[in-house]
Amino acid sequence: MSEPSTAARTLSGKQLAAELRTRTARLAAELTEAGIPPRLAIVSATEDESSAWYVRSLARAAQKSGLLCTLVDLGPQATTDGLRGTLERLGADPEVHGIILQTPLPPGVVTEDLTSSIPPAKDVDGANPVSLGRLLAGLPAFAPATAEAVLALLDHHAVPLSGRHAVVVGRSTVVGKPVSLLLLARDATVTVSHSRTPDLAATTRSGDILVAAAGRAGLITGEHVRPGAVVVDVGTNPTPDGGLAGDADAATVAATASALTPVPGGVGPVTTALLLLHTAEAARAAGEARR
Ligand code: NAP
């Protein structure tokens, strides 16, 4: 666990996550009363312990917010066809409102071959290419929850975005690309960097806002940060002692940045809370469509 040690403001996600959970619990209670108890289904196919831990904690969080949760674990021998069949069955089940396909998947199974099988209306983690395309087009869709969490956290802490230069480190479909689109939609000027960016520090130092989503513990140090910049650390890298480290080297980054999100306790809890809110919203939309 790493906490900023100097003057940078800590942009915690805990209060925002609690507010989102309250909204979700209210909505879930109303929907349950109306005979539409929101249900999240999580499909997994791995023996990876950190993935199993995440699924359990998400299921617990869902139940605490008054959501039902179905866990479907197909095990590490699962095939593309088996997973696709499960997603299609859950997609057709009127009692399921949100579906998450948990990664990692077994060797040889490609996430992108499966995400189209999650109906966009139930795609609470914005994984289906249709959801991503709608995000690109500026149309309503569930955004990938982590990317949305970054923006929600910046808004919660009143960090202005319009006209600011945001540098994103990472270009994955789940984090880097969608967070770049969301920042662009909020009138930030966006630079996306990745493993082939020749001088990462020179690129990241040009950012007023730096979003680190590389999955490399300690990659971002003080020398990567413009003095006074706001740093959002998306990285969750397991440490040998069983903890979590961000992509930012908190001590040196906090000495240069004006604000930094902690790991854990920053983007992570907001992401979880948004997945649950999306599920309750999907259930509400399903109820409205039925009327
Ligand atoms: P990913 O699919 O592995 O993508 C990592 C990205 O970072 C890639 O685009 C890669 O570049 C880039 N990268 C890797 N090393 C780099 C380096 N040395 N310099 C510059 N760029 C580099 O990972 P992801 O799924 O996006 O996740 C990123 C991190 O966010 C992970 O730590 C993950 O655990 C965390 N995460 C957190 C949450 C949360 O709720 N807090 C949710 C999801 C993910 P290339 O494209 O060139 O390979």
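First listed ligand is number 1; within each ligand, the first listed atom is number 1. Predicted model, so just to flag it, every value in this text is computed and none were measured. Count residues from 1 along the sequence.
- Just one residue in the list Val234, Leu219, Thr197 forms a side-chain contact (heavy atoms from CB on, under 4.5 Å) with Val169, and that residue is Leu219.
- Note: an N/O pair closer than 3.5 Å links Thr271 and ligand 1 by distance alone.
- One hydrophobic cluster, built from ILVMFWY side chains closer than 4.5 Å, holds both Ile100 and Leu71.
- The ligand atoms of ligand 1 that sit less than 4.0 angstrom from a heavy atom of Val169 are 20 (C), 21 (N).
- Between the side chains of Thr239 and Asp241, a donor-acceptor pair is found at a separation under 3.5 Å.
- Only the side chain of Arg216 comes within contact range of ligand 1, with a heavy atom under 4.0 Å; no backbone atom does.
- At a heavy-atom distance under 4.0 Å, no atom of Thr197 approaches ligand 1.
- Ion pairing of Glu49 with Arg56 is present here, as a side-chain N (NZ or NE/NH1/NH2) and a carboxylate O approach within less than 4.0 Å.
- Considering only non-hydrogen protein atoms, atom 8 (C) of ligand 1 sits nearest to Arg171 N, 4.0 Å.
- Surrounding CZ of Arg84 are more than 12 heavy atoms belonging to other residues, nucleotides or ligands, all under 6.0 Å away.
- Atom 25 (O) of ligand 1 has its closest protein heavy atom at Val174 CG2, 3.4 Å.
- Within the 4.0 Å heavy-atom shell around ligand 1 one finds Ala213.
- Heavy atoms of Leu219 found under 4.0 angstrom from ligand 1 belong exclusively to the side chain.
- Heavy-atom contacts of Gly170 reach the following atoms of ligand 1: 6 (C), 7 (O), 9 (O), 12 (C) (cutoff under 4.0 Å).
- Judged by distance alone, the side chain of Thr204 and the main-chain N or O of His224 form a donor-acceptor pair under 3.5 Å.
- Side-chain N or O atoms of Ser258 include one that pairs as donor or acceptor with a backbone N or O of Gly228 at under 3.5 Å.
- Protein heavy atom closest to atom 27 (O) of ligand 1, with residue, atom name and distance, is Val175 CG2, 4.2 Å.
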| Yes or no on salt bridge (charged side-chain N to carboxylate O under 4.0 Å, His left out) for Arg39 and Asp93, after CA distance, side-chain angles and deciding distance? | CA-CA 10 Å; Arg39 181 183 291 274; Asp93 184 341; over 6 Å; no

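- Residue contacts with ligand 1, taken as heavy atom pairs separated by less than 4.0 Å, involve Val234 via backbone and side-chain atoms alike.
- Protein heavy atoms are absent from the space less than 4.0 angstrom from atom 3 (O) of ligand 1.
- At the shortest separation from atom 21 (N) of ligand 1 among protein heavy atoms lies His194 C, 3.1 Å.
- Near Asn237, the atoms of ligand 1 lying under 4.0 angstrom from a non-hydrogen atom of the residue are 32 (O).
- Residue contact annotation: Gly176 has no non-hydrogen atom under 4.0 Å from ligand 1.
- The proximity of Thr236 to ligand 1, defined as any non-hydrogen pair under 4.0 Å, involves the side chain as well as the backbone.
- Using a 4.5 Å cut-off between side-chain heavy atoms of Ile, Leu, Val, Met, Phe, Trp and Tyr, with links allowed through other members, Leu101 and Val130 fall into different hydrophobic clusters.
- Under the 4.5 Å side-chain heavy-atom criterion for grouping Ile, Leu, Val, Met, Phe, Trp and Tyr, Leu260 is not connected to Leu153 through any hydrophobic cluster.
- Thr146 OG1, 3.5 Å is the protein heavy atom nearest to atom 43 (C) of ligand 1.
- When hydrogens are left out, the protein atom nearest atom 5 (C) of ligand 1 is Ala214 O, 3.5 Å; that is the closest non-hydrogen contact.
- Hydrophobic clustering, with ILVMFWY side chains joined whenever heavy atoms are under 4.5 angstrom apart, groups Val179 together with Ile209.
- When hydrogens are left out, the protein atom nearest atom 11 (O) of ligand 1 is Ser195 N, 3.2 Å; that is the closest non-hydrogen contact.
- The closest protein non-hydrogen atom to atom 26 (O) of ligand 1 is Ser172 OG, 2.5 Å.
- Among Leu68, Leu40, Leu90, the one residue that satisfies the side-chain contact (heavy atoms from CB on, under 4.5 Å) test with Val96 is Leu90.
- Near Gly268, with a cut-off below 4.0 Å to any heavy atom, the atoms of ligand 1 are 40 (O), 41 (N).
- Between the side chains of Asp113 and Thr80, no donor-acceptor pair is found at a separation under 3.5 Å.
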